[in-house]
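Scroll down for the structure; my scribbles are underneath it.
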There are 2 protein chains.
Amino acid sequence: MTAFEQLCRAHGIPLTVQRRAVLEALSVRDDHPTADDIFASLQSRLPEISRPTVYRVLNSLVRIGVARKVCHPGAAARFETKLERHHHLVCVRCDKVMDFEHPAFDRLSLPDAGAHGFLFDDYSIHFRGVCADCAKAGGRPRRTRKRAQQRSTT
Amino acid sequence: MTAFEQLCRAHGIPLTVQRRAVLEALSVRDDHPTADDIFASLQSRLPEISRPTVYRVLNSLVRIGVARKVCHPGAAARFETKLERHHHLVCVRCDKVMDFEHPAFDRLSLPDAGAHGFLFDDYSIHFRGVCADCAKAGGRPRRTRKRAQQRSTT
DNA sequence: CTCCGTGCAAAAGGTTTGCACTGGT
DNA sequence: ACCAGTGCAAACCTTTTGCACGGAG
């Protein structure tokens with residue numbers, strides 16, 4: 001968290017209550033919350049925060065490098081603070097994305113740059129498949145939207 | 001394309017002009033168009049098609065397995081018809097996602113299922129980094145909503 | 001003939017922006 | 001004190017839905 005303060009200073013952006021709160025709310029979670037999820041989870045700690053601020057703060061966090069957008073098939077943008085190399089399980093039925101630790105896949109060597117003019121930085125493997133819930137459900141609960149998923153909230 | 005017709009029959013869904021057109025428009029492209037991009041690109045060939053239909057058709061195509069949603073950090077859903085194993089370059093500056101062929105990474109063995117109850121099916125590697133355009137631009141042309149990108153716009 | 005898909009229009013959801021004020025440095 | 005960040009409200013973009021009609025099987 002102190003690292004965060006230093007990053008803010010380094011980037012010349014003020015360290016506000018809201019930024020602190022959003023970062024904490026985000027780093028506590030290991031799912032991949034949407035901006036709105038974060039907004040909701042902050043209602044108790046910081047009720048006066050506004051939704052646009054959450055969006056703005058999340059973008060700041062991504063910009064200074066303490067958070068990241070997760071590649072996600074769903075409609076809403078999702079974020080994470082886990083920056084160490086890790087992989088993802090993507091359910092093709094419900095579009096859920098879960099973290100997946102698998103050290104065996106952590107040591108691939110990055111391709112030589114140049115070819116496409118692309119500067120490689122890191123990678124993560126997306127495994128497509130069917131999650132336990134959907135496999136259990138058998139049928140195809142194709143729903144993707146928030147409406148159909150109950151928000152377990154942790 | 002005939003394979004597509006058979007898939008439609010197999011899934012018991014009618015083979016309509018719109019479905020044919022959307023699939024063709026999608027498979028012609030190697031970027032990862034949004035539903036709206038497809039809608040736009042169809043204006044010349046099939047001007048009477050409606051936007052909701054494009055969304056519905058794309059979902060059908062995904063359901064019967066001839067197309068796929070691409071995991072993408074951006075806001076709008078993106079699709080592809082390239083179902084063979086391949087990887088992606090994700091630009092952390094502009095959120096662009098490009099296909100990336102690299103046979104050396106095509107032969108990873110899928111993890112044993114079970115562990116998480118996840119049924120593995122396939123995978124693709126997402127390489128994070130900076131694309132040639134953004135590297136060239138030097139600065140940070142971060143978020144670029146459609147507004148800022150040139151559109152054919154009719 | 002029956003049923004599903006389509007087109008239209010409107011609603012629902014998600015994200016960004018303009019402006020005046022407050023708070024961080 | 002200065003400037004950036006915030007809150008509010010409204011705009012904007014994306015995706016879904018209800019309904020009546022028309023075409024595919």
Side-chain angles (χ1 to χ4, degrees), chain A residues 4-23 32-40 42-43 46-64 69-70 72-79 95 142-149 151, chain B residues 4-23 32-40 42-43 46-64 69 72-79 95 142-149 151 153:
Chain A
F4 168 54
E5 303 179 4
Q6 293 176 1
L7 269 170
C8 283
R9 300 185 145 270
H11 285 260
I13 75 173
L15 182 64
T16 65
V17 181
Q18 290 85 347
R19 287 208 248 256
R20 229 185 272 260
V22 168
L23 177 58
H32 305 258
T34 63
D36 210 65
D37 292 335
I38 295 297
F39 175 64
L42 281 169
Q43 294 303 15
L46 194 67
E48 66 272 24
I49 198 172
S50 71
R51 196 189 312 268
T53 292
V54 174
Y55 280 91
R56 279 183 288 224
V57 168
L58 284 169
N59 285 331
S60 308
L61 298 184
V62 170
R63 191 170 53 237
I64 69 177
K69 265 189 186 171
V70 181
H72 196 283
R78 287 161 183 277
F79 300 84
D95 282 355
R142 282 232 98 253
R143 290 281 65 223
T144 304
R145 205 96 178 171
K146 196 181 298 178
R147 192 180 320 145
Q149 327 230 79
R151 337 234 58 233
Chain B
F4 168 54
E5 302 179 5
Q6 292 175 3
L7 269 171
C8 284
R9 302 185 142 269
H11 285 259
I13 75 173
L15 182 65
T16 64
V17 180
Q18 289 85 347
R19 284 209 249 259
R20 225 185 276 259
V22 168
L23 176 58
H32 305 260
T34 64
D36 209 65
D37 292 335
I38 294 297
F39 176 64
L42 281 169
Q43 293 303 15
L46 195 67
E48 66 272 24
I49 198 172
S50 70
R51 197 189 313 266
T53 292
V54 173
Y55 280 91
R56 280 184 287 226
V57 168
L58 283 169
N59 285 332
S60 309
L61 298 184
V62 170
R63 192 170 53 238
I64 69 176
K69 264 189 187 172
H72 193 281
R78 286 162 184 275
F79 300 84
D95 283 355
R142 291 221 97 259
R143 306 253 69 249
T144 318
R145 197 95 179 180
K146 194 181 301 175
R147 190 184 325 142
Q149 328 229 78
R151 326 228 57 210
T153 312

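Within every chain, numbering begins at 1; the chains are lettered A, B, ... in the order of the sequence lines, protein sequences first and strands thereafter. Since this is a predicted model, take the numbers as computed values, not measurements.
One distance of note links CD of B:E48 with CG of B:L42; it measures 10.0 Å at 0.5 Å rounding. Rounded to the nearest 0.5 Å, atoms CD1 (B:I13) and CD1 (B:I64) are 4.5 Å apart. Here the CZ atom belonging to B:R56 is positioned 10.5 Å from the CZ atom belonging to B:R19, to the nearest 0.5 angstrom.
A close approach under 4.0 Å does occur between a side-chain nitrogen or oxygen of B:Q18 and OP1 or OP2 of C:dG7. Regarding contacts with the backbone of D:dT15, a side-chain N or O of B:Y55 is found under 4.0 angstrom from either OP1 or OP2. Between B:S50 and C:dG7, a side-chain N or O to OP1/OP2 separation shorter than 4.0 Å is present. The side chain of A:N59 places no N or O atom within less than 4.0 Å of a non-bridging phosphate oxygen (OP1 or OP2) of C:dT15.
The side chain of B:R19 sits closest to C:dT6 out of D:dG7, C:dG14, C:dT6. Here the nucleotide nearest the side chain of A:P52, chosen from D:dG5, C:dT16, D:dT17, is C:dT16.
Distance CD (B:Q43) to P (C:dG7): 11 Å, rounded to an integer number of Å. Whole-Å rounding puts the A:D36 CG to C:dT15 P distance at 8 Å. Note: CG (B:D37) to C1' (D:dT14) measures 12 Å, nearest angstrom. Note: CG (A:D95) to P (D:dT16) measures 10 Å, nearest angstrom. Rounding to whole angstrom units, CZ of residue A:R56 and C1' of C:dG14 are separated by 15 Å.
Within the 4.5 Å cutoff, no side-chain heavy atoms of B:S60 are placed close to those of B:H11. At least one side-chain heavy atom of A:V22 sits less than 4.5 Å from a side-chain heavy atom of A:I49.
Nearest-nucleotide positions on DNA chain D for A:V57 and B:R51 put A:V57 closer to the 5' end. Taking the nucleotide of DNA chain C with the nearest heavy atom to each of A:A76 and B:S60, the more 5' of the two is matched to B:S60.
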Contact list (N/O, under 3.5 angstrom) for nucleotides 23-25 of chain C vs protein:
from   : atom 1 : to    : atom 2 : distance (Å)
C:dG24 : O3'    : A:L15 : N      : 3.3
C:dT25 : OP1    : A:L15 : N      : 2.7

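Of the possible donor and acceptor atoms, none in the side chain of A:R20 sits under 3.5 Å from a partner among the backbone N and O of A:F4. Judged purely by atom type and a 3.5 angstrom limit, A:R78 has no side-chain atom pairing as donor or acceptor with the backbone of A:V70.
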